[in-house]
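For reference, the structure discussed in these notes is given below.
Along the sequence shown, residues carry numbers from 1. Note that the structure is a prediction, hence the values are computed from the model and not measured. Numbering of ligands and ligand atoms starts at 1, following listing order.
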Amino acid sequence: MTKSQLISLLNEMNLDEKIGQLVQVSGNFFLEEENVQTGPISNLGMNENMIYKVGSILNTVGAKNVITIQNKYLEKSRLKIPLMFMADIINGYKTVFPIPLAQGCSWNTEVVKRCAQIAMKEASIAGVNVNFYPMVDLVRDARWGRVMESTGGEDTYLNEIYARVLVNAIQGDDISKEGNCAACIKHFAAYGAVESGREYNKVDMSERELRQYYLSSYKAGIEEKAKMVMTSFNIVDGIPATINNWLLRKILRGEYGFDGIVISDYSAIQETIAHGVSKDKKDAALRAINAGVDIDMQTNVYSNFLKELIKEKVLDIVLIDEAVFRVLKLKNELKLFENPYGNANIEKEKRVLLSKENLEEARKLTRETFVLLKNEKHVLPIKENQKIALIGPYADNFAITGEWSMFSERENIVTIKKALEERIGKENVLYAKGSNMLTTREMNYILKAEGKPLLKNGQELKIQKKYLDDAMIVAQRADIIVLAVGEHYKQSGEGNARVSIRLPKLQRKLLNMLKTLHKPIVMVLFNGRPLVLEGIENKVDAVLEVWFPGTEGARAILDVLFGDESPSGKLNMCFPEHEGQCPIYYNQYNTGRPNIKNLRFESRYQDASIYPKYPFGYGLSYAKFEYQDLNLSSTILNRGKRDKITVSVTVKNCSNVDAKETVQLYIQDLFGSVVRPIKELKAFKKVLIKANEDKKIEFEITEEMLKFWNKDLKYVSENGEFKVYVGSNSKDCLGAKFQLI
Ligand code: GLC
């Protein structure tokens, strides 16, 4: 449709039809079967007339469902405006990839891009038009459950890069084509900064902090033309983001020029009442539409109150028309007026979902997301002649796809035990579960919060004893123990904040028992956030962090454990030494009393270091890399677009293993009109360096890279001295100085 046709369609619509376009509900109102739920379930209190006028559907997908709902809906629709189907396809649809935090650890934009492209291919065929992804919230506090959804982790630059890559991977060159969807940047803004890591908690920061670290990833996604933005649950400067005019009108629509759809998060408009700002639903509706929120997700606030507000003349119809027009425009860009089913295709689903190619590529991509945290005496890779005992609650477990993989089925997931049987033959696999994942009490916390039936106390303990005994028997017969342990997948993700981010108690006990055998132990760690490994890490010889690795995760793990490929992931979030350090991140300020000699009046803790256990950017390899000869083409950078300094470094692979290394470049502004961090990531390159070879890596420093929000909140660079650091992580770097004049 042309723009003028869309406008005449808008003019034909009555007020109810217009308001309907601004409402989103889940598909279970149209289907018999139950639907996935991503927020509190409440009675919507919407009449059937309104249900058949809504503009979009939340998280009901699958070609058959989409076609059925669309047909039912259009039959009753006066103007035949098709529904849009929106869903959370985060780390895959049926073929599940590693969680976003893991994907980010690849430091490989191609890996992140391919995971999203394959996911979109599957999702578009299953009828998804809009994907609620990417989540680009900067995250610095591992206690927050949702750090697992962040690709860029604790770093601003990584978040920007991945935001751009993901928007392009999701949308392609035409959102209506098979394999593409509209992307939704979320959660605007600063949701990752919830105080003390507690879910939905207060966010409070200066405008400088917001602009300097948090906003740029959303902006990057918008610059790449993401079609949609989702508001966040938190407040920003005292006002819930969902009704925050300054944030949505001034920054998002004004400064960033965003003209796509703004959707609330799940029931977030209504929740502004509980926040204590809106006095009732009607007030909430008025505030949200005034702030520029076009779609209300899963409540009746818009459906039941916008009309009254118009009749009472407190709300200008222009605001409704603008919002409806944006919705119609996106439907048009998706070509739904021509074909209301989009790319939903029942026949193709059979061929494309979980296809051999998708699974093979998933296995390859997944290998790059693992981070080798420790490898004493080269215990890894496992030697072919070593007898392995595979032990732990994750050894034969399907729940390795993470909290967001709600559309995947367990029968498609390969467990490590199964993958090991494939690899070395069933008869050679020594396996024991070793332990329950959680105690009954811990498990009941999870079940209770989800309103599910609780486990009975007592029985579990008996089984636990048997699990431990079996594990000891199996371990005794082996040369090396592969211990697959970690958090329960329901311990991370939305609503799963924790104050203790350690390996669950029962699994620690298992490790302690196995340790008494004095055999090499390789810990394969499954988790959705950085963990505190105090008292664990020193008891094992190697730690391979595999996060929640997805459908082909188990095969990929074995590829790496056996040395078919060296691990090459680097942390995008540091591992704290202790929870008390959270939030913790590498780009801190020095303070007036830096921690140098660890004396009393320095900025420090009495009972812990101020540094993490494993820093940002850290990750080992089976190869050994040495950094030498850091050179700058000049120590003077002239301001202006054309000048640049070329930084070069030689990275030597001093081993017999071919491997990839991520070379990282950080900059420190030594003096500024406002305090600047001790280091900021500004560039990186991931390169394959063959065994015993050297590679000269070059970067360019430009004035643009030195800009920041100065004392007057202007984004500028300031003349002066800088330090550049190049290294294999944020801690171990070579350094040199230069000046901007
Ligand atoms: C949620 C999430 C958001 C998601 C939405 C729809 O509660 O915060 O990320 O996209 O619901 O499922």
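Per-residue contacts place Lys186 under 4.0 angstrom from the following atoms of ligand 1 (heavy atoms of the residue considered): 3 (C), 4 (C), 9 (O), 10 (O). Close approach of ligand 1 to Leu58 is summarised as follows: ligand atoms under 4.0 Å from at least one heavy atom of the residue are 6 (C), 12 (O). Every atom of ligand 1 with a heavy atom of Phe132 under 4.0 Å away is listed here by number and element: 10 (O). Of all atoms in ligand 1, numbered sequentially from 1 with element shown, those under 4.0 Å from a heavy atom of Glu494 are 1 (C), 2 (C), 7 (O), 8 (O). Heavy-atom proximity to Met230, at under 4.0 Å, picks out these atoms of ligand 1: 3 (C), 10 (O).
By the 3.5 Å distance cut-off applied to N or O atoms, Asn59 is counted among the residues near ligand 1. Looking at ligand 1, you'll find an N or O of Asp265 within less than 3.5 Å of one of its N or O atoms. The N/O atoms of Tyr191, backbone and side chain alike, include none that comes under 3.5 Å of an N/O atom in ligand 1. Checked by distance only, ligand 1 and Tyr266 stay at 3.5 Å or farther apart across all their nitrogen or oxygen atoms.
Proximity of Met135 to ligand 1 is not established, as no heavy-atom distance is less than 4.0 Å. At least one heavy atom of Phe233 sits less than 4.0 Å from an atom of ligand 1. Under a 4.0 Å heavy-atom criterion, Gln298 is not in contact with ligand 1.
Under a cut-off of 6.0 angstrom, the local environment of CZ in Arg249 is crowded, with over 12 non-hydrogen atoms contributed by other residues, nucleotides or ligands. Atom NZ of Lys282 has more than 12 heavy atoms from other residues, nucleotides or ligands within 6.0 Å.
Relative ring orientation between Tyr93 and Phe407 is described as tilted, the plane-to-plane angle lying within the 30° to 60° band. The aromatic rings of Phe526 and Phe548 sit tilted, their planes meeting at an angle between 30° and 60°.
A donor-acceptor contact shorter than 3.5 Å links the side chain of Asn159 to the backbone of Asp155.
Contacts between Met297 and ligand 1, counted as non-hydrogen atom pairs separated by less than 4.0 Å, involve the side chain only. At a heavy-atom cutoff of 4.0 Å, ligand 1 is contacted by no atom of Met86, backbone or side chain.
With Met148 as the partner, the side-chain contact (heavy atoms from CB on, under 4.5 Å) test is satisfied by one option alone out of Tyr489, Trp547, Trp404: Trp404. For the ring pair (Phe, Tyr, Trp, His ring centres under 6.0 Å) criterion with Phe616, the lone passing option out of Tyr157, Phe575, Trp107 is Trp107.
Residue pairs meeting the salt bridge (charged side-chain N to carboxylate O under 4.0 Å, His left out) criterion with at least one member in residues 161-172, sequence neighbours excluded, are Arg164-Glu223, Arg164-Glu224.
Residues Glu154 and Arg140 are not paired through a salt bridge, judged by the lack of any N-O separation under 4.0 Å between the basic side chain and the carboxylate.
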